[in-house]
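Report on the following structure.
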Amino acid sequence: MQKRTLKEILLRIVILFIGLTIAHLGVTLFLLADLGADPFNVLIQGLFRTAQSLTEWTVLTHGRVHMAICFLIMLVLLITDRSYINIGTVLCMICGGPIIDFFTLLLGGLIHSGNPFAARILVLAAGCVILAFGMTIVMKSDSGVGPNDLVAIVISDKLGQSFSITRIVVDVCFVAAGFLMGGAVGVGTIICAALVGPVAGIFLPHSERIVEWIIASANVQNT
């Protein structure tokens with residue numbers, strides 16, 4: 001494998017950040033629709049709502065709880081096997097939560113649980129499609145995986161079990177724990193589970209071509 005130049009590494013990190021921003025716009029849309037979220041964000045939502053009910057900390061936001069849990073996952077990985085962690089993983093940990101908070105502040109007045117049900121379903125479906133596209137850009141940047149996605153990957157590797165089965169078990173645990181703490185589980189959770197994977201599969205080859213074109217264009221400019 002050809003060694004990457006510093007410029008290519010930095011460019012791939014920028015691409016990852018763009019994909020991360022797109023993906024978390026999608027996450028924000030289905031959180032604001034309040035019809036249920038993806039498994040990890042059901043857990044985060046449950047933790048956030050529980051913390052809100054137990055404390056008077058006004059500094060808490062969904063994004064900050066998201067960042068804190070990702071940081072805890074990173075700490076565990078640093079102790080058990082740091083080989084899974086790279087610059088992209090750190091970037092996902094630091095930026096994911098604040099991006100959600102930014103879009104929540106920007107769109108919260110327009111999209112909320114008071115909107116008509118049909119409109120919320122459309123927002124949620126759009127969020128899933130946007131999440132799937134952003135997710136494939138992150139994947140094809142080849143710069144790292146978010147801490148929440150690493151949970152299933154590491155468990156699968158360490159136990160020698162099928163990743164698909166492990167991911168399902170991990171997601172069920174996220175949903176169950178989040179639901180018990182007050183996270184929203186509903187039609188949105190089902191739509192996310194049914195829609196994100198297949199749509200991501202459609203976007204993957206296109207996202208790969210986009211990333212390769214960006215990298216190739218940057219290399220041509222250097223010659």
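Looking at Phe17 and Cys92, their side chains never come closer than 4.5 Å, going by heavy atoms from C-beta outward. For the pair Thr89/Pro147, a side-chain contact is recorded, criterion being any heavy-atom separation below 4.5 Å from C-beta on. Considering only heavy atoms from C-beta on, Asn115 stays 4.5 Å or farther from Val123 through its side chain. Thr21 places none of its side-chain heavy atoms less than 4.5 Å from the side chain of Leu25. Between Asp157 and Val154, every side-chain heavy-atom pair lies at or beyond the 4.5 Å cut-off. Between Leu77 and Ile73 the shortest side-chain heavy-atom distance falls below 4.5 Å. Considering only heavy atoms from C-beta on, Leu35 comes within 4.5 Å of Phe117 through its side chain.
Residues Leu60 and Ala51 approach most closely at CD1-CB, 3.5 Å, considering heavy atoms. When all heavy atoms are compared, the tightest approach of Leu78 to Arg82 is O-NH2, 3.6 Å. Scanning all heavy atoms of the two residues, the minimum distance from Met74 to Val90 falls at CE-CG2, 3.7 Å. Nearest approach of Gly144 to Leu16, heavy atoms of both residues: O-CD1, 3.9 Å.
In this structure, Thr166 has no side-chain hydrogen bond (donor to acceptor under 3.5 Å, both in side chains) partners at least two apart in sequence or on a different chain. Here Glu8 pairs with Arg12 under the side-chain hydrogen bond (donor to acceptor under 3.5 Å, both in side chains) rule; sequence neighbours left out. Partners of Ser156 by side-chain hydrogen bond (donor to acceptor under 3.5 Å, both in side chains), not counting sequence neighbours: none found. Listed by chain and number, the residues in a salt bridge (Lys or Arg N to Asp or Glu O under 4.0 Å) with Asp81 are Lys158 (sequence neighbours excluded).
With Leu31 as the fixed residue, the side-chain contact (heavy atoms from CB on, under 4.5 Å) test singles out one of Val27, Thr28, Leu29: Val27.
Sorted by first and then second residue, the side-chain hydrogen bond (donor to acceptor under 3.5 Å, both in side chains) pairs involving residues 121-132 (not counting sequence neighbours) form an empty list. Sequence neighbours left out, not one pair with a member in residues 176-186 passes side-chain hydrogen bond (donor to acceptor under 3.5 Å, both in side chains). For the side-chain hydrogen bond (donor to acceptor under 3.5 Å, both in side chains) condition, no pair includes a residue of residues 102-112, sequence neighbours left out. Residue pairs meeting the side-chain hydrogen bond (donor to acceptor under 3.5 Å, both in side chains) criterion with at least one member in residues 32-45, sequence neighbours excluded: Asp34-Arg49, Asp38-Asn41, Asn41-His62.
Put simply, CD1 on Ile9 and CD1 on Ile13 are 7.0 Å apart, with the number rounded to the nearest 0.5 Å. The CG atom of Leu20 sits 13.5 Å away from the CD1 atom of Ile15 when rounded to the nearest 0.5 Å. A distance of 10.0 Å separates CG in Leu32 from CG in Leu106, rounded to the nearest 0.5 Å. Between the CZ atom of Phe30 and the OG1 atom of Thr189 there is a distance of 9.0 Å, given to the nearest 0.5 Å. Annotation: the span from Arg120 atom CZ to Leu122 atom CG amounts to 12.0 Å, rounded to 0.5 Å.
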Under 3.5 Å, sequence neighbours excluded: what are the donor-acceptor pairs made by side chains of residues 93-100?
none

Name each donor-acceptor pair under 3.5 Å that joins a side chain in residues 171-187 to protein atoms two or more places apart or in another chain, with its distance.
{"unit_1": "Asp171", "atom_1": "OD1", "unit_2": "Arg167", "atom_2": "NE", "d": "3.3"}
{"unit_1": "Asp171", "atom_1": "OD2", "unit_2": "Arg167", "atom_2": "NE", "d": "3.4"}

Under 3.5 Å, sequence neighbours excluded: what are the donor-acceptor pairs made by side chains of residues 191-200?
none

Less than 3.5 Å apart, which donor and acceptor atoms pair up between the side chains of residues 124-137 and the rest of the protein, not counting sequence neighbours?
{"unit_1": "Thr136", "atom_1": "OG1", "unit_2": "Phe133", "atom_2": "O", "d": "2.7"}
{"unit_1": "Thr136", "atom_1": "OG1", "unit_2": "Ser207", "atom_2": "OG", "d": "2.6"}

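Leu10 and Ile215 fall into different hydrophobic clusters, defined by Ile, Leu, Val, Met, Phe, Trp and Tyr side-chain heavy atoms under 4.5 Å apart, directly or through other members. Under the 4.5 Å side-chain heavy-atom criterion for Ile, Leu, Val, Met, Phe, Trp and Tyr, Val42 and Ile190 are members of distinct hydrophobic clusters. Note on Ile69 and Val170: same hydrophobic cluster, where clusters join Ile, Leu, Val, Met, Phe, Trp and Tyr whose side-chain heavy atoms are under 4.5 Å apart, directly or indirectly. Taking hydrophobic clusters as Ile, Leu, Val, Met, Phe, Trp and Tyr residues chained together by side-chain heavy-atom distances below 4.5 Å, Ile165 does not share a cluster with Leu150. Hydrophobic cluster membership differs between Phe40 and Val169, with clusters built from Ile, Leu, Val, Met, Phe, Trp and Tyr side chains linked at under 4.5 angstrom.
In this structure, Ser141 contributes its side chain and Met139 its backbone to no donor-acceptor pair below 3.5 Å.
When ring centroids are compared, His66 and Phe48 stay outside the 6.0 Å threshold.
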